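The next block holds one structure in the form of structure tokens; read it before the comments.
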There are 2 protein chains.
Amino acid sequence: MTEAVSRPTLEAVAARAGVSRATVSRVVNGGDGVREPLAERVRRAVEELGYVPNQAARSLVTRRHDAVAVVIAEPETKVFADPFFALQLRGISKELTAHDNQLVLLLTEGRADHVRVARYLAGGHVDGALVFSLHLDDPLPGLIQDAGVPTVFGGRPGWGEDTPAADPGVAYVDCDNRGGARAAVRHLLDLGRRRIAHITGPLDQTSAADRLDGYRDVMADVLGESDPRLVVESDFTPAGGERAMRELLDRCPDVDAVFAANDLTALGALRVLRESGRRVPDDVAVVGFDDMVPVTEQAEPPLTTVRQDIEEMGRLMARLLLQGLSDGRHRPRTLPGAPAVPGSPGTAVILPTTLIRRASA
Amino acid sequence: MTEAVSRPTLEAVAARAGVSRATVSRVVNGGDGVREPLAERVRRAVEELGYVPNQAARSLVTRRHDAVAVVIAEPETKVFADPFFALQLRGISKELTAHDNQLVLLLTEGRADHVRVARYLAGGHVDGALVFSLHLDDPLPGLIQDAGVPTVFGGRPGWGEDTPAADPGVAYVDCDNRGGARAAVRHLLDLGRRRIAHITGPLDQTSAADRLDGYRDVMADVLGESDPRLVVESDFTPAGGERAMRELLDRCPDVDAVFAANDLTALGALRVLRESGRRVPDDVAVVGFDDMVPVTEQAEPPLTTVRQDIEEMGRLMARLLLQGLSDGRHRPRTLPGAPAVPGSPGTAVILPTTLIRRASA
DNA sequence: TTGAAAGCGCTAACAC
DNA sequence: GTGTTAGCGCTTTCAA
């Protein structure tokens with residue numbers, strides 16, 4: 001196996017260049033305030049010795065790591081099966097890289113891992129955390145709060161909502177789930193459909209709950225009330241979409257439209273509809289949510305869906321965090337238990353959604 | 001935004017418990033050699049203050065991080081689209097977690113990121129690295145070697161092979177790509193097929209090159225020579241598989257079997273065969289590679305394929321690395337440029353493959 | 001068994 | 001401009 005190598009220190013570089021450690025440090029960190037010939041000598045010494053600063057030592061004094069953790073509260077299998085995460089990560093990755101921060105992805109396979117992750121965060125390996133896919137009863141937010149790491153959430157965190165305990169300082173980025181859902185259902189109504197079903201996501205996630213609310217808003221508005229049998233809970237996966245669609249056809253064979261909580265779910269629903277001999281959109285119209293292009297465009301028929309800019313959400317999460325971090329650097333260090341700084345950068349950012357019409361509705 | 005919090009130090013805990021820092025340190029790190037009543041006092045103080053050790057400080061002296069980096073030399077989109085990585089990561093993750101090591105996933109979107117990753121590794125954030133999906137001309141292995149971080153590769157690294165410069169100490173885990181490919185092609189021959197095509201992976205990766213070699217071995221053995229038009233290079237993706245299959249049908253409409261370099265490629269090929277009106281396996285038999293169960297079993301028809309235990313490969317990579325690390329700890333520190341320790345734990349581990357017969361061939 | 005003290009490699013005041 | 005020096009928070013001899 002490639003072996004560990006003992007690396008040269010600042011001291012060694014200083015000796016070789018015939019200067020003090022401080023001077024080397026200055027050159028290594030930008031080099032202003034060092035006369036050129038000296039700086040050049042130092043640079044050569046760095047080069048010759050293959051010097052790389054020891055981050056542990058540096059972090060110990062600067063309290064900075066130039067690294068940000070991304071925590072996804074889902075098992076790997078789901079993380080990797082759902083393009084949603086890939087897109088969000090790409091946005092995050094781009095933004096972090098642009099600001100010379102390293103992305104550290106922490107995977108969690110279950111509850112036990114949450115403790116490990118919290119320890120990692122509290123251990124001061126990173127300057128902040130981006131956390132997403134939270135579920136209602138997740139212990140993670142509490143653990144993270146205890147860890148005292150600046151955090152931005154992806155998707156509105158559901159914990160403590162409407163309670164006085166709700167942390168007003170919590171930052172998150174989300175899309176207009178409820179508004180998007182309304183647009184989808186309104187579109188189906190405009191198409192003349194009346195038996196509009198909804199296959200939800202996991203209702204312990206606010207995104208799924210909000211989309212359900214949007215569905216109900218419009219159904220109640222227009223039809224007065226809605227048949228509860230038209231709503232089936234699912235889990236944002238294609239397989240779940242299949243199961244839910246079967247259930248739906250069983251309960252309400254007269255269903256003439258389906259609003260699926262995300263595109264993957266819609267994919268499963270389309271498959272079952274096809275199997276059952278129903279034509280889309282003629283017999284049953286289908287609308288998804290997300291607009292994950294590779295999925296929606298290759299669906300049969302191409303999927304009408306509610307678009308949200310997932311990559312942009314990721315980018316914004318990262319930006320919000322980095323901004324908060326650099327602001328924080330100019331302020332005195334926060335004490336344990338101190339309230340979040342009021343007026344801290346845009347606590348919640350809600351991105352708009354757009355209905356994208358394709359062939360399925 | 002959730003704000004940073006200044007954390008209590010060892011010092012604070014010591015003061016609270018009325019003992020020395022050394023004693024607290026002992027208790028925190030296992031606690032042997034401390035009398036029970038004292039230890040208990042310390043534990044209570046730790047609890048009350050919510051003390052978590054500062055890893056930077058600890059690493060500075062121990063030179064350990066209990067963290068391992070996983071580097072995947074592919075753009076995110078590919079990483080997340082291919083279940084292969086998810087499986088391997090799961091194996092790695094399990095093994096690391098079992099040994100209280102944190103997995104740090106470093107994503108690379110392009111060459112520029114390689115330098116960043118190398119810096120990160122050299123900066124001493126992790127004890128070792130697991131690297132996979134290398135391409136022939138990748139600068140990464142060189143950079144990593146310079147970084148002086150113990151590394152285990154996933155898949156045989158292609159660089160320097162057959163040259164005196166080849167590092168004999170390099171550790172890697174792979175499956176028997178060539179043998180597996182031979183089995184696949186032999187199976188197709190046994191089925192009576194003679195116009196057997198091969199859709200390769202990216203040939204700058206050894207796994208793809210080895211599978212092509214295996215294909216050629218058998219074709220040459222049995223048929224004397226093989227029609228070069230029957231080989232099309234592709235890229236391990238379903239879309240690539242589609243393109244390649246179209247090309248193949250165009251060149252050799254009489255093709256009666258396809259050995260695809262992986263399951264995703266086979267999936268694309270199946271789709272095009274269906275479109276072209278050919279029946280599988282009646283007209284054209286198809287064999288894949290990997291046996292990614294969700295893919296192979298849901299393919300139409302279910303895919304005959306060469307199974308490799310991907311999760312196990314991941315687990316082994318991690319085990320090899322951790323073992324090397326703990327061995328290294330008992331030895332004097334390696335000097336820069338020192339050769340890898342000979343007889344270091346099993347330099348190469350090659351896992352066997354099995355042909356899994358399903359409906360497609 | 002416990003404590004005192006040295007020092008890991010670095011940055012940041014503060015002198016010069 | 002450049003060097004000197006005092007820590008950052010922790011582990012680990014070494015003495016007591």
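What you see is a predicted model, and the numbers here were worked out from it, not measured in a lab. The analysis underlying the following values was restricted to heavy atoms, covering all of them including side chains, and did not include hydrogens, waters or symmetry mates. Proteins get letters first, then strands, A, B, ... in listed order; numbering begins at 1 in each.
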Inset, instruction - For DNA chain D, find the residues of residues 45-56 of chain B with a heavy-atom distance under 4.0 Å and give them by number; none if there aren't any. - result: Y51(B), P53(B), N54(B)

Inset, instruction - Please work out which residues in residues 31-43 of chain B have a non-hydrogen atom less than 4.0 Å from an atom of DNA chain D and list them by number. - result: none

Picking from [options], which would you name as closest to the side chain of [X]?
| X | options | result |
| --- | --- | --- |
| T23(A) | dC10(D), dA12(C), dT2(D) | dT2(D) |
| R63(A) | dC10(C), dC10(D), dG9(D) | dG9(D) |
| L10(B) | dC10(C), dC10(D), dA4(C) | dC10(D) |
| N29(B) | dT11(C), dT11(D), dG3(D) | dT11(D) |

Inset, instruction - Report the secondary structure of DNA chain C in dot-bracket form, marking unpaired bases with a dot and bases paired to a different strand with |, and treating Watson-Crick or G-U pairs with both distances under 3.5 Å as paired. - result: ||||||||||||||||

Inset, instruction - Return yes when atom CD of E48(A) has more than 12 non-hydrogen atoms of other residues, nucleotides or ligands closer than 6.0 Å, and no otherwise. - result: yes

Inset, instruction - Report yes if a side-chain nitrogen or oxygen of R21(A) is closer than 4.0 Å to either non-bridging phosphate oxygen (OP1 or OP2) of dA12(C); otherwise report no. - result: no

Inset, instruction - Would you indicate, yes or no, if dG9(C) has its OP1 or OP2 atom less than 4.0 angstrom from a side-chain nitrogen or oxygen of T9(A)? - result: no

Legend entry - Considering all heavy atoms, the nearest M317(B)-F153(B) contact: CE-C, 3.6 Å

Inset, instruction - List the atom of I72(B), the atom of T108(B), and the distance in Å for their closest heavy-atom pair. - result: O-OG1, 2.9 Å

Inset, instruction - Quick one: list whatever passes salt bridge (Lys or Arg N to Asp or Glu O under 4.0 Å) with E36(A), sequence neighbours left out. - result: R43(A)

Inset, instruction - Could you list the residues that satisfy salt bridge (Lys or Arg N to Asp or Glu O under 4.0 Å) with E74(B), not counting sequence neighbours? - result: none

Would you tabulate the nitrogen or oxygen pairs shorter than 3.5 Å linking the protein to nucleotides 13-16 of chain C?
none

Inset, instruction - Tell me what S25(B) touches on the nucleic acid: a base, only sugar-phosphate, or nothing, going by heavy atoms under 4.0 Å. - result: base

Inset, instruction - Provide, to the nearest angstrom, the distance between the CG atom belonging to L60(A) and the P atom belonging to dA6(D). - result: 17 Å

Inset, instruction - Considering only NZ, NE, NH1 and NH2 on the basic side and carboxylate oxygens on the acidic side, decide whether R319(A) and E95(A) come within less than 4.0 Å. - result: yes

